[in-house]
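Worksheet: one structure, shown below.
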Amino acid sequence: MAMNYNAKEEDGNHTSGLGPNLGKSKKPDNTAFKQQRLPAWQPILTAGTVLPAFFIIGIVFIPIGIGIFVTSNNIREFEIDYTGVDPSSPCYKCSNVTLNGPTCNCIINFTLDYAFESNVFMYYGLSNFYQNHRRYVKSRDDSQLNGDKNSLTNPSKECEPYRTNGSKPIAPCGAIANSMFSDKLYLYQIAANGDETEIPLIKKGIAWWTDKNVKFKNPTGNTSNPESIFSGTTKPINWKKPVYELDSADSDNNGFINEDFIVWMRTAALPTFRKLYRLIERKDATYPALAPGNYSLHIEYNYPVLSFDGRKRMILSTISWMGGKNPFLGIAYITVGSICFFLGVVLFIIHHKYGNRNNSADIPN
């Protein structure tokens with residue numbers, strides 16, 4: 001016992017001179033977590049568990065995929081490219097417009113071969129426009145857009161170089177607002193005698209509820225005189241009119257709460273995108289929203305896209321319970337379900353043919 005005591009004492013004296021940290025043990029604490037004694041579960045993959053899983057996935061996914069694919073194909077969609085790149089296009093004369101230049105008007109006639117039974121959503125589409133660029137996405141002032149008086153006259157530096165114009169602050173500031181889509185689209189139905197009837201396009205109800213009622217607000221003030229609310233500010237450089245004239249006829253759709261503006265400010269994730277422009281409501285259950293026949297699209301061409309090799313489109317589309325037309329999801333379900341079912345059949349054949357070999361083999365003594 002004395003020898004053990006002295007050995008421990010000598011060991012303690014020896015280590016004590018090496019510093020306070022070197023004498024500490026590096027052994028982890030005796031806890032279930034640090035000693036890896038936590039309960040664990042590991043599945044044992046056998047034919048009895050793997051084969052049913054493959055068959056169940058296949059049986060469930062294939063019908064779901066077929067249903068989604070059929071639903072997507074039942075959605076009516078019609079698209080017109082009105083960029084005007086082709087010299088034969090009615091909008092070719094307008095393809096070289098400038099943002100602050102005069103408006104160019106063009107008309108494109110088209111025919112609908114089938115009826116759009118339910119409510120129709122009109123979109124504008126842009127291609128090769130990278131709204132997802134980091135500096136572009138950050139170029140805005142959310143406090144200003146939420147009606148903050150201080151941010152109205154002193155915008156965030158994130159808006160540079162579209163923060164001020166001269167000595168006046170820009171409202172709304174930033175590159176997103178400055179590049180707002182400015183074409184105007186009107187739809188007419190052409191009768192057999194050639195007369196045109198304008199189709200009512202609903203401009204409200206196209207923005208997200210949270211954007212319209214929470215994120216975007218006009219500064220407080222005299223709503224009957226919106227110019228006074230935005231006094232001391234100036235319009236974005238590429239706009240033809242100030243923000244308080246976006247919809248002078250409707251105070252609930254003017255200024256920062258203009259729904260066309262709100263829709264544009266929700267940036268797209270991909271360079272080819274579409275944004276909701278107008279709604280066409282079905283008036284009567286006995287008549288479709290858009291009947292088959294001849295139509296004309298009247299365009300106030302203000303937005304140039306050739307400088308970045310872009311394209312502009314007008315899309316008419318119905319929707320279903322799963323949203324707009326998108327066959328990819330249905331095809332993905334069918335593909336995954338088919339692969340799983342096929343693998344299940346192959347593995348079942350292999351198991352049935354070779355699975356019992358080990359059990360029947362002679363075990364040496």
Side-chain angles (χ1 to χ4, degrees), residues 82 94 97 99-107 119-124 144-147 149 152 168 170-174 176-189 196-266 274-283 289-290 295-303 312 314-316:
Y82 69 92
C94 300
V97 298
L99 284 169
N100 289 314
T103 298
C104 181
N105 296 285
C106 58
I107 300 174
N119 294 340
V120 179
F121 295 78
M122 175 187 279
Y123 302 85
Y124 62 85
Q144 186 191 60
L145 298 174
N146 196 244
K149 282 282 191 178
L152 182 67
K168 288 189 175 182
I170 294 176
C173 71
I176 307 177
N178 186 65
S179 60
M180 179 180 170
F181 185 79
S182 54
D183 284 357
K184 302 297 182 184
L185 307 176
Y186 306 92
L187 193 61
Y188 291 81
Q189 186 174 23
E196 292 188 344
T197 303
E198 185 174 3
I199 296 176
L201 303 178
I202 300 174
K203 59 186 176 183
K204 298 178 70 173
I206 61 175
W208 289 22
W209 186 92
T210 51
D211 288 347
K212 175 75 173 180
N213 296 279
V214 179
K215 295 181 67 175
F216 291 81
K217 296 178 182 177
N218 283 328
T220 56
N222 184 10
T223 56
S224 61
N225 184 17
E227 184 177 356
S228 64
I229 298 177
F230 293 94
S231 62
T233 66
T234 185
K235 67 178 182 65
I237 296 172
N238 287 336
W239 285 24
K240 293 186 176 181
K241 55 186 177 181
V243 66
Y244 52 83
E245 292 182 2
L246 288 179
D247 192 352
S248 303
D250 188 353
S251 60
D252 291 331
N253 192 44
N254 199 17
F256 290 157
I257 58 174
N258 176 264
E259 297 204 24
D260 286 326
F261 172 68
I262 294 173
V263 168
W264 177 257
M265 293 299 291
R266 180 167 286 275
R274 62 175 65 176
K275 291 180 182 286
L276 187 57
Y277 181 70
R278 294 291 182 265
L279 302 175
I280 304 174
E281 287 189 344
R282 186 179 184 180
K283 296 180 179 179
L290 290 178
Y295 293 83
S296 65
L297 178 66
H298 293 231
I299 304 156
E300 291 183 10
Y301 202 115
N302 298 302
Y303 201 74
K312 296 192 292 186
M314 185 280 297
I315 304 106
L316 299 173

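One-based numbering along the sequence shown. Heavy-atom basis, side chains included; hydrogens, waters and symmetry copies ignored.
- N258 pairs by the side-chain hydrogen bond (donor to acceptor under 3.5 Å, both in side chains) definition with nothing, not counting sequence neighbours.
- Using a distance-only test at 3.5 Å, with no hydrogens or angles considered, a donor-acceptor pair links the side chain of W239 to the main chain of A177.
- Looking at I199 and L290, their side chains come closer than 4.5 Å, going by heavy atoms from C-beta outward.
- Of the residues Y303, F261, Y277, the one that meets the ring-ring contact (aromatic ring centres under 6.0 Å, His included) test with F181 is Y303.
- With sequence neighbours excluded, the residues satisfying side-chain contact (heavy atoms from CB on, under 4.5 Å) with K212 are N253, I257, E259, I262.
- With a 4.5 Å cut-off on side-chain heavy atoms, F121 and L279 count as touching.
- The backbone N or O of E281 sits nowhere less than 3.5 Å from a side-chain atom of N119 that would complete a donor-acceptor pair.
- Every side-chain hydrogen bond (donor to acceptor under 3.5 Å, both in side chains) that D250 has, sequence neighbours left out, goes to K204.
- Under the ring-ring contact (aromatic ring centres under 6.0 Å, His included) criterion, F230 pairs with F256, sequence neighbours left out.
- Residues meeting the side-chain contact (heavy atoms from CB on, under 4.5 Å) test with T234, sequence neighbours left out: N165, K168, I170.
- Formation of a donor-acceptor pair under 3.5 Å by the N178 side chain with backbone atoms of N238 is found in this model.
- Each of I315, I206, L187 was evaluated against M122; a single residue qualifies, L187, per the side chain to side chain contact (heavy atoms under 4.5 Å, CB included) test.
- Legend: residues meeting side-chain contact (heavy atoms from CB on, under 4.5 Å) with I229, ordered by chain and number and at least two apart, are P219.
- The side-chain hydrogen bond (donor to acceptor under 3.5 Å, both in side chains) check on N302 picks up T103, K240, with sequence neighbours excluded.
- Residues meeting the salt bridge (charged side-chain N to carboxylate O under 4.0 Å, His left out) test with K184, sequence neighbours left out: none.
- Cysteines C106 and C94 keep their SG atoms at least 2.5 Å away from one another.
- Take K203 and apply the salt bridge (charged side-chain N to carboxylate O under 4.0 Å, His left out) test, not counting sequence neighbours, and it matches D247.
- For N222, the side-chain hydrogen bond (donor to acceptor under 3.5 Å, both in side chains) partners at least two apart in sequence or on another chain are S224.
- Every side-chain contact (heavy atoms from CB on, under 4.5 Å) that S296 has, sequence neighbours left out, goes to I107, N109, Y188, I190, E196, H298.
- Listed by chain and residue number, nothing satisfies the salt bridge (charged side-chain N to carboxylate O under 4.0 Å, His left out) test with D252 (two or more places apart in sequence, or in another chain).
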